[in-house]
Chemist: 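Please read through the structure below; I'll follow up with questions.
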2 protein chains.
Amino acid sequence: MTRMHYTRDNMAGLLRSHDINPTHQRIEIAHALFSRQEHLSADQVMAIVNTRHSETSKATVYNTLKLFLEKGLVREVIVDPSKVFFDPNTSPHHHLYEVDSGKLSDIDAEHVQISGLPPLPAGMVTEGIDLIIRVRKA
Amino acid sequence: MTRMHYTRDNMAGLLRSHDINPTHQRIEIAHALFSRQEHLSADQVMAIVNTRHSETSKATVYNTLKLFLEKGLVREVIVDPSKVFFDPNTSPHHHLYEVDSGKLSDIDAEHVQISGLPPLPAGMVTEGIDLIIRVRKA
DNA sequence: TCTGGATATTAGACAAAGTCCAGATTGGCG
DNA sequence: CGCCAATCTGGACTTTGTCTAATATCCAGA
Ligand SMILES: [Mn+2]
Ligand SMILES: [Mn+2]
Ligand SMILES: [Zn+2]
Ligand SMILES: [Zn+2]
């Protein structure tokens with residue numbers, strides 16, 4: 001896996017490669033996610049993007065994250081009943097969730113194997129398999 | 001597994017066995033969940049319990065579901081970012097979620113095996129493993 | 001360079017899920 | 001009956017997310 005450095009300049013190409021018109025706001029939001037490689041909520045993205053001076057509205061943050069999702073640029077992680085996390089890592093992987101702190105980290109899917117699942121209902125296709133390990137301090 | 005019939009009368013004993021003082025409202029809420037053996041949101045519980053005549057407040061529904069959760073009488077299922085489902089089935093099992101319809105069903109854990117998980121971070125203990133298969137119409 | 005239309009952004013109203021609190025009800029017990 | 005603790009309640013409040021109508025930006029063609 002190449003460890004690349006995500007600059008704002010890189011973001012335009014990344015967005016274009018996902019069929020997304022790179023605007024200033026979209027570049028900032030992508031940069032927030034990809035430069036950190038962390039799971040962020042919409043609120044966190046909003047805060048990061050507007051650190052220096054307010055420049056992106058709430059509506060745009062939500063619109064943009066939804067667009068990224070549709071275009072497959074990011075993935076949604078549903079572990080906390082109160083907010084959705086957006087994940088710049090779209091390769092198949094699982095999650096470890098520390099319920100006390102709210103910390104969410106990746107588990108590489110490569111060595112994890114899930115077997116014995118029953119056949120899917122007829123006419124259904126898998127959209128994704130979410131495996132979440134919920135942990136807390138012993 | 002004994003297939004038992006969950007009557008309102010049974011509920012009092014079930015609640016007591018989980019160290020919950022059986023009040024009228026608690027019995028109604030438990031009955032809603034256990035007689036159906038379905039995954040219900042707080043809103044759905046509220047609607048069911050208040051079908052005949054309004055008798056249980058929103059605050060009590062939420063308080064009671066949280067109490068049931070703490071006492072291990074029900075389990076929480078987080079699959080839909082907009083609402084939590086409460087699950088009267090506390091035996092280890094997984095879930096199949098139909099994203100279009102919102103239908104949520106159980107997958108018996110007995111034959112499912114998950115292997116190759118990395119060791120937990122030091123000082124952490126597993127609180128639960130959630131496996132969710134998200135499916136949609138082909 | 002100017003102009004029109006498509007695309008994108010915005011403020012702020014709105015909705016839904018869930019929390020919180022202070023006051024009322026209940027129910028068991030002396 | 002009257003007391004006390006536990007429980008329940010309406011309704012205000014918070015948070016996350018959606019929607020809309022108005023504005024801003026971008027760019028292709030004249
Ligand atoms: Mn900027
Ligand atoms: Mn009743
Ligand atoms: Zn992840
Ligand atoms: Zn279940």
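Letters go in sequence order (proteins before strands), and every chain restarts at 1.
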Chemist: Hydrophobic clustering (ILVMFWY, side-chain heavy atoms < 4.5 Å, transitive) - are B:Ile48 and B:Leu14 grouped together?
Modeler: yes
Chemist: Can you find a heavy atom in the side chain of A:Leu15 that is under 4.5 Å from one in the side chain of A:Asn21?
Modeler: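 No, their side chains stay 4.5 Å or more apart.
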Chemist: When you measure from the side chain of B:Asn50 to the backbone N and O of B:Glu55, does any donor-acceptor pair fall under 3.5 Å?
Modeler: yes
Chemist: With the criterion being N/O to N/O and under 3.5 Å, what pairs connect the protein with nucleotides 5-8 of chain C, and how long is each?
Modeler:
residue, atom, partner, partner atom, Å
C:dA8, OP1, A:Asn21, ND2, 3.4
C:dA8, OP1, A:Arg26, NH1, 3.1

Chemist: Evaluate side chain to side chain contact (heavy atoms under 4.5 Å, CB included) for B:Asp130 paired with B:Arg75, printing each intermediate quantity in order.
Modeler: CA-CA 11 Å; B:Asp130 293 359; B:Arg75 163 180 173 178; 3.9 Å; yes
Chemist: Rounded to whole Å, how long is the line connecting atom CD of A:Glu55 with atom P of C:dT10?
Modeler: 9 Å
Chemist: Return yes if a side-chain donor-acceptor contact under 3.5 Å exists between A:His39 and A:Asp106, otherwise no.
Modeler: yes
Chemist: Is it true that A:Glu28 and A:Arg8 have a side-chain N and a carboxylate O under 4.0 angstrom from each other?
Modeler: yes
Chemist: Evaluate the side chain to side chain contact (heavy atoms under 4.5 Å, CB included) criterion for residues A:Arg134 and B:Ile78: first the C-alpha distance (whole Å), next the side-chain angles of each, then the deciding distance (0.1 Å), finally the verdict.
Modeler: CA-CA 12 Å; A:Arg134 280 170 209 278; B:Ile78 301 167; 4.0 Å; yes
Chemist: Is there side-chain contact between A:Ile107 and A:His93, with heavy atoms separated by less than 4.5 Å?
Modeler: no
Chemist: Where along nucleotides 23-30 of chain C does protein come under 4.0 Å, by heavy atom, of base (B) or sugar-phosphate alone (S), with - for untouched nucleotides?
Modeler: --------
Chemist: Just by distance, with hydrogens left out, do B:Thr7 and B:Asp9 show a side-chain donor and acceptor under 3.5 Å apart?
Modeler: no
Chemist: Under a 3.5 Å threshold, yes or no: a donor from one side chain and an acceptor from the other, between B:Tyr97 and B:Asp80?
Modeler: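 Result is yes, a qualifying pair exists.
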Chemist: Quiz question: by atom type and distance under 3.5 Å, do the side chains of B:Asp87 and B:His95 form a donor-acceptor pair?
Modeler: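 Yes, side-chain donor-acceptor contact under 3.5 Å.
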Chemist: Compute the angle between the rotation axes at the two ends of the helix from C:dT1-D:dA30 to C:dG30-D:dC1, each taken over five pairs, rounded to 10 degrees.
Modeler: 0°
Chemist: Considering only NZ, NE, NH1 and NH2 on the basic side and carboxylate oxygens on the acidic side, decide whether B:Arg136 and B:Asp100 come within less than 4.0 Å.
Modeler: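 No, this pair does not count.
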Chemist: Base, backbone or nothing for each nucleotide of nucleotides 15-20 of chain C, written B, S, -, heavy atoms under 4.0 angstrom, 5' to 3'?
Modeler: --SBBB
Chemist: Return the set of residues passing side-chain hydrogen bond (donor to acceptor under 3.5 Å, both in side chains) with B:Gln44 (not counting sequence neighbours), or none when no residue passes.
Modeler: B:Ser41
Chemist: Answer yes or no: is there an ion pair linking B:Lys83 with B:Asp43, defined by an N-O contact shorter than 4.0 Å?
Modeler: no
Chemist: Ignoring hydrogens and geometry, is there a side-chain-to-backbone donor-acceptor pair from A:Thr60 to A:Thr56 under 3.5 Å?
Modeler: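 Flag not set: sc A:Thr60 to bb A:Thr56 has no pair under 3.5 Å.
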Chemist: Would you say C:dT10 has OP1 or OP2 under 4.0 Å from some side-chain N or O of A:Ser57?
Modeler: yes
Chemist: Using a 4.0 Å cut-off to any heavy atom of chain A, which nucleotides of DNA chain D are the first and last in contact, reading 5' to 3'?
Modeler: D:dT16 to D:dC19
